[in-house]
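We name chains A, B, ... by the order of the sequence lines, and we start the count at 1 in each one.
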There are 2 protein chains.
Amino acid sequence: MGISQEISYRLERLILDGGLAPGQKIPSERQLATRLGVSRAILREALHELQGRGVIETHHGKGSFVASIVPSTADLDDRSPLMHLFAGHPRTLYDLLEVREQLEGQAAMLAAQRATSMDRHRITKAFRMLESTDPMSNAKPDHGFHQAIVEASHNPILVHVLNGLKNMMLLTVQASVANLNPREEMRHSIMRQHKQIYQAIMAGKPTAARKAATAHVRFVGDSMRSLESQGAKVIRISLNSEAAAPGTSASP
Amino acid sequence: MGISQEISYRLERLILDGGLAPGQKIPSERQLATRLGVSRAILREALHELQGRGVIETHHGKGSFVASIVPSTADLDDRSPLMHLFAGHPRTLYDLLEVREQLEGQAAMLAAQRATSMDRHRITKAFRMLESTDPMSNAKPDHGFHQAIVEASHNPILVHVLNGLKNMMLLTVQASVANLNPREEMRHSIMRQHKQIYQAIMAGKPTAARKAATAHVRFVGDSMRSLESQGAKVIRISLNSEAAAPGTSASP
DNA sequence: AATTGCCAACTGGTCGGACCAGTTTTTTCG
DNA sequence: CGAAAAAACTGGTCCGACCAGTTGGCAATT
């Protein structure tokens with residue numbers, strides 16, 4: 001390992017062990033570089049590494065601060081590169097929706113063909129829950145409905161792929177629910193679309209199911225796109241919200 | 001945001017969007033710095049950030065390499081349960097083909113819309129190689145052609161998903177090549193289909209490209225199904241065929 | 001005295017060049 | 001031809017300078 005790696009390691013220890021609280025300021029680059037006996041360039045590389053890991057935040061002219069990370073928020077594997085890419089690159093949302101359009105259409109079609117009675121039961125249950133739940137509740141019911149359909153496709157590959165995208169999918173569903181549901185007419189459109197998908201699958205109409213599902217995903221994408229173009233901030237779903245502004249230090 | 005942040009962003013984009021596979025080498029620091037118009041110091045800071053996020057790995061004297069992305073969908077290597085399932089249950093082949101039908105259709109469509117001149121060049125190169133190679137050679141050229149198209153879709157999610165299925169995909173392509181190519185008329189059909197896909201993408205006809213691609217995958221599936229129903233043993237493909245180190249076979 | 005305005009001293013951000021240290025390729029010579 | 005030496009890569013580290021935001025205090029003005 002190079003020196004910069006070692007420095008980033010020592011810095012992290014310093015922060016974690018040293019009891020530096022989130023939001024707390026760490027010494028200036030020049031100070032740290034001198035104290036640790038390395039050049040400022042190397043020190044900066046180490047800082048960038050910690051930055052990449054989300055350990056610190058840096059603000060021009062102010063300094064670097066310990067980020068407020070709860071290391072055990074293992075809820076979703078936030079820190080995965082893809083996850084981060086998604087959070088940082090809004091376009092990725094639409095990329096995902098493009099893929100979902102195909103995959104969910106496929107799943108709905110296969111579900112219409114292959115769903116067993118137990119599958120139908122599960123789908124129905126998820127659908128009911130979707131109807132009854134508060135519109136603004138979290139995205140779980142919505143996702144559950146889609147999930148039930150996917151599993152009814154009886155295609156292990158499809159299930160596996162969609163499962164691999166689950167976390168990101170949850171985010172897009174969350175985004176769509178948060179942004180679209182508040183709009184009265186949109187919520188109705190989405191509900192109608194869900195109903196169409198549901199009925200097509202139950203009626204065993206593969207083509208109709210596929211069309212309904214792809215149309216639904218496309219509708220969500222188009223809607224969010226148009227919302228976004230109207231200036232609405234669509235994608236702002238912070239992975240681990242709150243980010244302790246630097247000025248949170250208590251008055252001395 | 002500072003320049004180094006922007007650089008790391010662009011780099012990340014370059015890596016995932018460009019479909020750079022894990023393990024692949026990225027250009028040297030001096031090259032990248034020049035190409036992106038920044039100093040080497042800043043370029044290195046950006047690299048360290050990606051390093052901190054686990055996107056790349058760096059080795060002294062050798063270079064920087066794309067790290068294996070995310071464990072979720074990626075890496076269906078041999079010992080994977082799904083891989084095993086596949087070997088044991090031929091039907092999984094058709095499941096995969098079902099999914100491929102959608103995904104490759106999507107990829108071809110997007111490629112027809114978004115391929116850059118460099119993408120076109122790569123696709124053309126892969127296509128040429130596909131025409132010239134011996135029909136019975138391994139499946140690499142065939143897969144390379146499809147891969148080039150997928151990467152031209154400029155949808156990181158799509159690239160990621162297909163990449164995760166790469167190993168299994170290689171097997172299906174291998175299976176199709178081994179079983180279908182020996183049949184004169186089938187080989188011609190497949191070649192014609194490849195040509196249709198190629199021309200549609202080059203001509204920038206998204207719909208035609210999608211249709212050609214889905215039709216192609218469907219044809220492969222249907223053909224193998226019919227072959228199988230005639231009593232041919234279709235799936236007998238050993239799992240660890242190639243993938244061996246450069247020092248191949250070695251028959252003493 | 002209170003306010004305003006400005007300047008100096010922080011902070012991080014960027015640059016270029018130089019040199020060291022591994023790795024790979026090319027050249028040279030036995 | 002083959003092995004050793006040299007050159008041409010690669011990343012790793014350092015220095016010194018300068019740019020760009022931020023902050024606080026000092027001084028001139030009101």
Side-chain angles (χ1 to χ4, degrees), chain A residues 1-12 14-15 18 20-68 88 243-252, chain B residues 1-12 14-15 20-67 245-247:
Chain A
M1 289 304 147
I3 288 189
S4 88
Q5 326 279 315
E6 186 190 321
I7 293 299
S8 84
Y9 174 84
R10 285 173 62 182
L11 276 179
E12 192 174 9
L14 221 73
I15 292 174
L20 286 192
Q24 195 151 346
K25 183 170 187 245
I26 68 180
S28 75
E29 294 180 352
R30 289 167 177 85
Q31 272 182 47
L32 279 177
T34 302
R35 192 189 308 178
L36 296 175
V38 295
S39 75
R40 192 173 152 227
I42 251 52
L43 191 272
R44 278 179 61 78
E45 291 178 3
L47 287 181
H48 274 87
E49 203 173 314
L50 294 182
Q51 212 169 317
R53 289 224 296 272
V55 178
I56 66 172
E57 288 175 5
T58 299
H59 300 276
H60 190 166
K62 294 181 183 168
S64 291
F65 306 82
V66 179
S68 57
T248 26
S249 54
S251 43
Chain B
M1 287 303 153
I3 288 191
S4 92
Q5 325 281 314
E6 185 191 322
I7 293 298
S8 86
Y9 174 94
R10 286 173 63 182
L11 276 178
E12 188 175 19
L14 225 69
I15 291 174
L20 286 192
Q24 195 153 343
K25 187 181 178 197
I26 69 182
S28 74
E29 293 181 352
R30 290 168 176 86
Q31 248 178 286
L32 280 177
T34 302
R35 192 192 305 180
L36 297 175
V38 295
S39 73
R40 195 173 149 227
I42 252 51
L43 191 272
R44 277 179 62 80
E45 292 178 3
L47 287 181
H48 273 86
E49 202 173 316
L50 294 183
Q51 210 170 319
R53 286 221 295 276
V55 178
I56 64 172
E57 288 174 3
T58 300
H59 301 279
H60 190 168
K62 292 180 183 170
S64 290
F65 305 81
V66 179

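- Residues I26(B) and L47(B) are in side-chain contact: their nearest non-hydrogen atoms beyond the backbone lie under 4.5 Å apart.
- Taking 4.0 Å as the cut-off between side-chain N and carboxylate O, R53(B) and E12(B) count as a salt-bridged pair.
- To the nearest 0.5 angstrom, E49(B) atom CD is 11.0 Å from L50(A) atom CG.
- As a whole-Å value, the separation of L32(A) CG from dG13(C) C1' is 16 Å.
- We find that CZ of R30(A) is positioned 14 Å from C1' of dT22(D), with the value rounded to whole Å.
- Rounded to whole angstrom, the span from the CD1 atom of I26(B) across to the P atom of dC9(D) amounts to 19 Å.
- Of the two residues near DNA chain C, P27(A) and A41(B), the one whose nearest nucleotide lies more 5' is P27(A).
- Phosphate contact (OP1/OP2 of dT10(D), side-chain N/O of S28(B), threshold under 4.0 Å): present.
- Protein atom CD of E29(A) is 16 Å distant from nucleotide atom P of dG21(D), rounded to whole Å.
- The CD atom of E6(A) sits 14 Å away from the P atom of dG12(D) (whole-angstrom rounding).
- Regarding contacts with the backbone of dG12(C), every side-chain N or O of R44(A) stays at 4.0 angstrom or more from both OP1 and OP2.
- The separation between I56(B) atom CD1 and dG11(D) atom C1' is 11 Å, rounded to whole Å.
- Looking at L11(A) and L43(A), their side chains come closer than 4.5 Å, going by heavy atoms from C-beta outward.
- For R40(B) against dG17(C), no side-chain N or O and base N or O form a donor-acceptor pair under 3.5 Å.
- K62(A) places its NZ atom 11 Å from the P atom of dG24(D), with the value rounded to the nearest Å.
- Note on Q31(A): every side-chain N or O is 4.0 Å or more away from OP1 and OP2 of dC10(C).
- Nucleotides of DNA chain D nearest to G61(A) and G61(B) differ in position, and the one nearer the 5' end is that of G61(B).
- Looking only at side-chain heavy atoms (C-beta outward), E57(A) and S64(A) stay at 4.5 Å or farther from each other.
- Rounding to whole angstrom units, NE2 of residue H60(A) and C1' of dA20(D) are separated by 4 Å.
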